[in-house]
Every structure is written in C-alpha cells, then in structure tokens.
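Treat the numbers as computed from the prediction; the structure is a model and nothing was measured. All chains are named by letter (A, B, ...) in the order of the sequence lines, taking the proteins before the strands, and each is independently numbered beginning at 1.
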Number of protein chains: 2
Amino acid sequence: MAQTDTINDTNIDFGMLAESVGYRLRRAQMNFFAKFTEICSDLGISPGLFSVLVIVEKNPGLTQTAVAQALGNDRSAMVAAVDKLESMKLIERRPAKNDRRSYALFMTKYGQEFFEMSSRKVSDYESTMMARLHSDQEKDQLIDMLKRLS
Amino acid sequence: MAQTDTINDTNIDFGMLAESVGYRLRRAQMNFFAKFTEICSDLGISPGLFSVLVIVEKNPGLTQTAVAQALGNDRSAMVAAVDKLESMKLIERRPAKNDRRSYALFMTKYGQEFFEMSSRKVSDYESTMMARLHSDQEKDQLIDMLKRLS
DNA sequence: ATTCTATTGTTGTACACCACAACAGTTATT
DNA sequence: AATAACTGTTGTGGTGTACAACAATAGAAT
C-alpha cells in the first residue's frame, strides 16, 4: 500500500465550520458552560441541579414534573436531582394538598441562603464574560438574537 | 406534616435565567443542535462524525490525534469514529510515510460526494435558521460576538 | 550505541447524561 | 363502575467523554 506524508499543521482549515453560526454557537456555549460547571462544582452541585434551584426558588410549590417540563427534561431525571438537593437540605418535598401522587417542592431556609450566594457567583461570572462585549446594547442584541434562534 | 397546594402554572418564572446570556446561549445551541443531529441521523452519521469529515476533507493527510486536537476531543475517541467512517467507505487510513505508528486520513471518492451532499443539507439548514435574523450584517455581528465569547 | 522519554493508536473503564419503557398508586373521565 | 390519564419511581440502554494503561515506534540525551 502506498505510504503518505502526514500533516501536523497547527493551522487547520475548519472549512464551513469557521463561519457557521451553529458551530460558533456550540463553541461559545461549551466554553461558557465549562467555567459554569466549574463554579457549580465548587458549590458541590451540577449545572442541572443549579437550574432546578432557580426554578424552585422562583416558583415555590411546583411539582417535580412541572419543573422537569420547565427545564425540558424527562421527569424521571428529576428523581435523583431532588433526592440530591433534599439530601443537601436545600429543598424539600412536601406532600401535595390535593393530589396524593405528587410532591410540592420548596426551598429550605438554608437553601435560600445557599442559592443567593450561588447565584451571586454565577452572576459575577456572567459579568466577566460580558466584559468581552462592547456595550450593554450589544448584549441586549445578542440575547435578542439568541431568543430568536431558540 | 402540613400539606400544600401545588402550582401548575404554564407561566413559569425563570428568574435570572431569563436574561442570562449563558442560559440563552445554551437554549439556542441545544435547539440548533437538535435539528442538526436529526439531519446527520438521516445521513447515517452523528454530529461528531460530521465534524471529523469536515476536518479531514479540508486537511487531507492529518493524523488521528491531529484531528482529535483540532476538534478538542480525546484521541481515544477517534478510534471508533474513524472505524465507523472507514466502514462506511467515506474515509481511509493510509500508513504514514515516515512514522509507522500513525495513519494519514484521507477522503475516499465516495466520501467526497457524500460530504458535498451532506454539507449542502447542513448549509441549507443554516440558511433557514439565519432567516430568523434581520440581516447579513446582524449575522456577522452575531458570529463576531460568539467568537469573542469562545 | 544505549538508555530514557515522548508519542501513536488502541483498549478498557468509569462516569455523567438522556430518552424510553414499565410499574404501582392515584386521579380524572366517561 | 370501568377506563384512561397522570405521578413519582426504577431500570435499561445508548451516547459522549474523560482517564489510565499498553505495545509499538520515534526522538533525545548521554
């Protein structure tokens, strides 16, 4: 079989990917998410668990499936998530008043403090990333465009 | 234990997430990626395999690890990927000329045709998504901002 | 030359994530 | 009263991904 030279170029042509919005979106999101995951990890949770906290904090009394639907997850994924957050004393399951099948999810007092501290760190991170944009107006435009692509 | 009403609001408060660039980035990317995955699936490949094709097509003769580095993957992930693409007769491993450890990756003729057909479909999809933006200038600005966030 | 270190492809493993099916208990509908 | 629909839960399988280890090979050091 014919043997061939390999190329070890540090300057690789990404072809259509270079100017593809889908690829750029993915790259930016992965970069953003990597640091966010790290922050969450320092807090002892995962990004998914943090998103559950956000929903429960702003919408006390939600059902597990309601939270799952809000986040676009399967409700089966909620079990382990709520188990974990409950074992950390951050949220609690209370039996629903008029439906013995379901639980209502609530923040504990400690969970509230934990959440405020956590979301402060997350907001700080957001701010440092936003410094890469030129203006608040640009940021608003970015969010607007991203919403249109969702 | 006190029982409590559940809330089944369709109008859920996403709190800090609603105006968070990180969250919006994730949402847009996931939405974008879901359809992209579907297109790839129709072609019989995965998004990861498609990205390998893009790199190999534009950079013939690359080593497996070079492709892995370009894509930010571990080189161990490349084995199954190249196995699959080779079994589909899309690319081929040729023994490297001056290094008996490594292979040089090349597109087959059929792989070339397959890739052109595939990237056409992917580009079409990109175009339909870009229709949600107001202008080409807006698209350029979006890509520019996304690059800054990477 | 010989030894030591680095690299390549490869395999195995472990872990996170996610979708899906199934189930018992409960509620809603007919 | 019967049937369908929904809740939390468990299990399973697929997928992606990071990491360690290995033999073969290459490069560097002495």
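In this structure, B:R26 forms no cation-pi arrangement with A:F32, as its terminal cationic atom is not both closer than 6.0 Å to the ring centre and no more than 45° off the ring axis.
A salt bridge links A:E92 to A:R94: at least one charged side-chain nitrogen sits closer than 4.0 Å to a carboxylate oxygen.
In this structure, the CZ atom of A:R75 is 14 Å from the P atom of C:dC23, given to the nearest Å. Between B:N73 atom CG and C:dG9 atom C1' there is a gap of 15 Å when expressed in whole angstrom units. In this structure, CZ of A:F50 is placed 15 Å from P of C:dC17, rounded to the nearest angstrom. Protein atom CZ of B:F33 is 14 Å distant from nucleotide atom P of C:dA19, rounded to whole Å. When rounded to the nearest whole Å, the span between NZ of A:K84 and C1' of D:dG8 equals 21 Å. If you measure from atom CD of A:Q69 to atom P of D:dG8, you get 10 Å, rounded to the nearest angstrom. Remark: P of C:dA19 and CG of A:L71 are 12 Å apart, rounded to the nearest angstrom. Summarising the geometry, the separation between CG on B:D83 and C1' on C:dT11 is reported as 11 Å, rounded to the nearest angstrom.
The nearest heavy atom of DNA chain C to A:P47 and to A:D74 marks one nucleotide each, and the one closer to the 5' end goes with A:P47. Both B:G48 and A:M78 lie close to DNA chain D; mapped to their nearest nucleotides by heavy-atom distance, the more 5′-ward contact belongs to A:M78. Ranked by how close their nearest DNA chain C nucleotide is to the 5' end, B:M30 and B:V79 are led by B:V79.
For the OP1/OP2 pair of D:dA18 and a distance below 4.0 Å, the side-chain nitrogens and oxygens of B:S76 include no atom meeting the criterion. Taking 4.0 angstrom as the limit, B:T63 places none of its side-chain polar atoms (N or O) nearer than this to OP1 or OP2 of C:dT8. In this model, the phosphate group of D:dA26 is approached by a side-chain N or O of B:R100 to a distance below 4.0 Å at OP1 or OP2.
Under 3.5 Å, the side chain of A:R101 and the base of D:dG8 form no donor-acceptor pair of N or O atoms.
Side-chain contact of B:S20 with A:E126: a donor-acceptor pair under 3.5 Å is present, judged by distance alone.
Distances from the side chain of A:Q64 to the nucleotides D:dT7, C:dG9, D:dT9 place D:dT9 closest. Among the nucleotides C:dC17, C:dA6, C:dT10, the one closest to the side chain of A:S46 is C:dC17. The nucleotide whose nearest atom lies closest to any side-chain atom of A:R93 is, among C:dT8, D:dG8, D:dT9, D:dT9.
Heavy-atom contacts from other residues, nucleotides or ligands closer than 6.0 Å to CG of B:D136 number 12 or fewer.
B:R93 contributes no side-chain N or O that, together with a main-chain N or O of B:L105, makes up a donor-acceptor pair within less than 3.5 Å.
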